[in-house]
Participant: 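I am attaching a structure below and will ask some questions about it afterwards.
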Amino acid sequence: MDRLIYTSLTAMRGSMARQTAVANNLANAQTIGFRSEITRAQAAWLDGQGMDTRAYGVEAVIGADMRAGTVTATGRDLDIALQGDALLAVQAPDGSAAYTRRGDLQLSPSGLLATADGHPVQGQQGPITLPPADAITIESDGRILIVPPGGDASQPQEVDRLRLGTSTGADIVKGLDGLFRVRGDGVLPDDPDARLIARSLEGSNVNPTAAMVEMIEASKAWDTQLKLISSARDLDNASASLMQLPS
Amino acid sequence: MTFGALHVARTGLDAQNFRMQVIANNLANVNTTGFKRDRASFQTLGYQLMTQPGAAASAENRYATGLNLGTGVRLAGTARIDTQGTISTTGSALDLAIDGAGFFQVQLPDGRTGYTRAGNFSRSADGTMVTGDGKPLEPAIQIPDDATNVSIAADGTVSVSIAGQAQATEAGRIELARFTNPAGLLAVGDNMLVETAASGAPQVGPAGQEGRGVLRAGMLEGSNVNVVEELVDMIETQRAYEVNSKMIKAADEMMTNATQTL
């Protein structure tokens with residue numbers, strides 16, 4: 001029996017994995033700051049004697065699409081939308097430096113500023129703790145200004161500046177926790193030119209139309225491989241009937 | 001038989017379903033005094049590492065990239081958006097709106113203190129100031145039976161005029177509570193919020209001091225729900241629900257095809 005079906009099987013596994021990745025992108029079409037994932041198939045050649053006809057398909061997530069998502073004004077003081085290729089530095093649960101595009105910040109009871117998924121935001125000297133304030137404003141260059149209780153609203157004080165990095169030119173990978181990291185435990189230098197839009201949020205950059213097309217593509221790839229498997233069966237049947245003794 | 005895409009798309013449907021519920025609740029409370037709208041916030045679920053980048057593909061070769069498949073989305077929580085609602089004049093002396101941060105303190109039937117932005121107070125049978133559904137304000141404000149006029153100043157001082165007396169007398173002072181993280185307060189229904197570990201301890205004091213807002217008597221704060229915004233969110237949610245159900249259909253068709261062909 002031909003090994004055709006096993007080659008087809010790897011491609012089927014690949015399209016299944018691709019479909020899962022597309023489903024994950026679609027499911028996160030409304031997640032704040034989500035970056036859609038790109039999957040690609042690549043050929044893995046089997047070297048050996050005879051014909052080099054066996055190239056198994058290997059599906060891989062090659063990275064995240066870093067295009068910007070849609071920005072909507074929300075009016076909430078602690079919502080920020082990062083502009084261009086800026087990334088917000090946060091602390092990952094294991095203490096390492098990580099980056100995110102998620103801008104719906106929240107205050108903990110102790111005043112610690114964190115993203116809505118619970119990662120403390122980094123300032124110039126580590127995590128930012130805000131004192132009680134009448135008003136909090138985040139400026140477009142990341143400076144956090146507060147009006148102390150009973151203070152003069154026209155003269156806000158600077159508490160800290162958000163640490164912003166730039167992803168362009170850096171070797172950034174998306175980790176299993178959805179945070180971005182510099183490959184090899186590096187840190188992005190603080191970029192004073194990075195800008196953000198205050199009182200707005202950047203949505204996910206998943207393009208539902210493109211994702212649906214990918215979904216159809218993956219379905220069709222699956223169907224094609226199934227066709228191949230069924231032709232392999234027909235071929236087998238045909239040769240088996242040739243070999244049959246006339247009864 | 002499990003098929004990743006099916007389950008991932010299901011998490012998407014679940015999440016959109018929750019979001020729709022949040023939007024429905026916001027819309028239902030569009031005319032509730034002091035209501036603050038909620039916003040559903042989503043978070044990615046964990047990732048499955050199918051192939052580690054750099055893992056050995058064969059004796060000589062290594063995978064250049066990995067295969068990390070996401071497992072979907074979940075509702076991380078709802079965030080209350082504490083922007084000011086519209087303040088409108090009602091003319092009733094005991095209607096109070098907080099202009100700025102802070103909450104009224106109300107004694108709940110179970111002895112806890114409830115916090116609310118709804119300032120539609122009235123007098124109970126024994127003369128104390130109570131909320132619309134009869135919960136007493138804290139600290140208690142007693143308005144004498146023979147009071148002819150009640151006025152509440154911006155700092156919370158309640159003055160009453162008594163028939164036959166030229167001078168107004170002070171009946172008490174309304175105090176406001178403010179929190180480090182008001183979004184962490186837990187909503188318990190009936191316009192009431194209660195303190196949690198996430199909100200921090202209340203900082204109680206007179207209105208207009210230490211960051212607390214000032215009181216506006218004869219006015220009420222409406223909800224901060226913006227109907228147009230909610231309707232746009234609703235359409236967005238509907239479409240997201242649709243694409244996720246399309247995904248389920250596609251995954252189902254792939255499986256059907258496989259079972260029929262093989």
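In what follows, chains carry the letters A, B, and so on, assigned in the order in which the sequence lines appear, proteins first and then strands, with residues in each chain numbered from 1. As a basis for the values below, the full set of heavy atoms in this structure was taken, side chains included, without hydrogen atoms, waters or symmetry mates.
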Participant: With a 3.5 Å distance limit and no angle check, can you tell me whether B/Ser199 reaches the backbone of B/Leu185 through a side-chain donor-acceptor pair?
Facilitator: no
Participant: Looking only at heavy atoms and a cut-off of under 4.5 Å, which of A/Ala133, A/Gly75, A/Ala29 has the most pairs with chain B?
Facilitator: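 Looking at each of A/Ala133, A/Gly75, A/Ala29 in turn, A/Ala133 comes out on top.
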Participant: Identify which part of B/Gln43 has an atom lying under 4.5 Å from any heavy atom of chain A, answering side chain, backbone, both or neither.
Facilitator: both
Participant: Apply side chain to side chain contact (heavy atoms under 4.5 Å, CB included) to A/Leu78 and A/Ile138, showing your working.
Facilitator: CA-CA 7 Å; A/Leu78 291 178; A/Ile138 302 179; 4.2 Å; yes
Participant: Flag yes if more than 12 heavy atoms outside B/Asn31 fall under 6.0 Å of its CG atom; otherwise flag no.
Facilitator: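 At most 12 heavy atoms, drawn from other residues, nucleotides or ligands, come within 6.0 Å of this atom.
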Participant: Picking from A/Gln106, A/Glu59, A/Arg18, which has the most non-hydrogen pairs under 4.5 angstrom with chain B?
Facilitator: A/Glu59
Participant: If I measure from the heavy atoms of chain B, does A/Ile216 come under 4.5 Å with its side chain, its backbone, both, or neither?
Facilitator: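 Neither part.
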Participant: Where does B/Ala197 contact chain A at under 4.5 Å (heavy atoms): side chain, backbone, both or neither?
Facilitator: backbone
Participant: Tell me whether the count of non-hydrogen atoms from other residues, nucleotides or ligands lying under 6.0 Å of OH in B/Tyr47 goes above 12.
Facilitator: yes
Participant: B/Thr116 side chain to B/Phe104 main-chain N or O, any donor-acceptor pair under 3.5 Å?
Facilitator: no
Participant: Relative to chain A, which of B/Glu236, B/Gln209, B/Arg212 shows the most heavy atom pairs under 4.5 Å?
Facilitator: B/Glu236
Participant: Against chain B, work out which of A/Asn24, A/Val206, A/Asp223, A/Asn25 has the most heavy-atom pairs shorter than 4.5 Å and name it.
Facilitator: A/Asn24
Participant: Taking side chain as everything from C-beta outward and backbone as N, CA, C, O, which of these in A/Leu226 sits under 4.5 Å from a heavy atom of chain B? Side chain, backbone, both or neither.
Facilitator: both
Participant: Check this for me, if you would: do B/Arg39 and B/Asp233 make a salt bridge, where the nitrogen-to-carboxylate-oxygen distance has to be below 4.0 angstrom?
Facilitator: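 The answer is no: the pair does not qualify as a salt bridge.
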Participant: Whether the B/Thr83 and B/Asn224 side chains hold a donor-acceptor pair (N or O, under 3.5 Å, no angle test) is what I'd like checked.
Facilitator: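 The criterion, which ignores hydrogens and geometry beyond distance, is satisfied for B/Asn224 and B/Thr83.
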Participant: If you count heavy-atom pairs under 4.5 Å with chain B, which of A/Ser108, A/Ser230, A/Gly178, A/Ala116 comes out on top?
Facilitator: A/Ser108
Participant: Does A/Arg35 come within less than 4.0 Å of A/Glu202, counting only side-chain N to carboxylate O?
Facilitator: yes
Participant: With a 4.5 angstrom heavy-atom cut-off, could you sort out which part of A/Gln225 is near chain B: side chain, backbone, both or neither?
Facilitator: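 Contact with chain B: none, neither part.
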Participant: Which answer fits B/Ala250, side chain, backbone, both or neither, if we ask what part of it has an atom under 4.5 Å from a heavy atom of chain A?
Facilitator: both
Participant: Could you tell me which portion of B/Ala15 (side chain, backbone, both or neither) has an atom closer than 4.5 angstrom to a non-hydrogen atom of chain A?
Facilitator: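 Contact with chain A: none, neither part.
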Participant: So with a 6.0 Å cut-off around CG of A/Asp185, is the heavy-atom count from everything else above 12?
Facilitator: no
Participant: Quick check on A/Lys227 against chain B: is it the side chain, the backbone, both or neither that has a heavy atom closer than 4.5 Å?
Facilitator: neither
Participant: Counting heavy-atom pairs closer than 4.5 Å to chain B, which one of A/Leu26, A/Leu107, A/Asn28 comes out on top?
Facilitator: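 Most pairs with chain B among the choices: A/Asn28.
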Participant: So for B/Asn257, is it side chain, backbone, both, or neither that comes closer than 4.5 Å to the heavy atoms of chain A?
Facilitator: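 Both the backbone and the side chain of B/Asn257 come within 4.5 Å of chain A.
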Participant: For chain A, which of B/Ala76, B/Ala240, B/Ala198, B/Ala201 has the most heavy-atom pairs under 4.5 Å?
Facilitator: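 Top option by heavy-atom pairs under 4.5 Å: B/Ala198.
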Participant: I'd like to check the ring pair (Phe, Tyr, Trp, His ring centres under 6.0 Å) partners of A/Tyr99; sequence neighbours left out, ordered by chain and number.
Facilitator: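 With neighbours one apart ignored, the set is empty.
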Participant: If we define contacts as heavy-atom pairs under 4.5 Å, which of B/Arg178, B/Arg74, B/Arg10, B/Arg239 has the most with chain A?
Facilitator: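 Most pairs with chain A among the choices: B/Arg178.
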Participant: Please flag which part of A/Asp79 lies under 4.5 Å from any non-hydrogen atom of chain B: side chain, backbone, both or neither.
Facilitator: side chain
Participant: Answer with side chain, backbone, both or neither: which region of A/Arg233 has an atom nearer than 4.5 Å to a non-hydrogen atom of chain B?
Facilitator: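 A/Arg233 touches chain B through side-chain heavy atoms alone.
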Participant: Is there a donor-acceptor contact under 3.5 Å from the side chain of B/Thr11 to the main chain of B/Val73?
Facilitator: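 Side chain of B/Thr11 to backbone of B/Val73: a pair is present.
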Participant: Please flag which part of A/Arg102 lies under 4.5 Å from any non-hydrogen atom of chain B: side chain, backbone, both or neither.
Facilitator: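 The answer is the side chain of A/Arg102.
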Participant: Out of B/Gly72, B/Gly200, B/Gly208, return the one with the most heavy atom pairs under 4.5 angstrom to chain A.
Facilitator: B/Gly72
Participant: Rounded to the nearest 0.5 Å, how far does CD1 of A/Ile144 lie from CG of A/Leu130?
Facilitator: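 Reported to 0.5 Å precision, the distance equals 5.5 Å.
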Participant: Which bit of B/Thr71 comes within less than 4.5 Å of chain A, counting heavy atoms only: side chain, backbone, both or neither?
Facilitator: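 Looking at B/Thr71, just its backbone touches chain A.
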Participant: When the ring centroid of B/Tyr115 is compared with that of B/Phe179, is the distance short of 6.0 Å?
Facilitator: yes
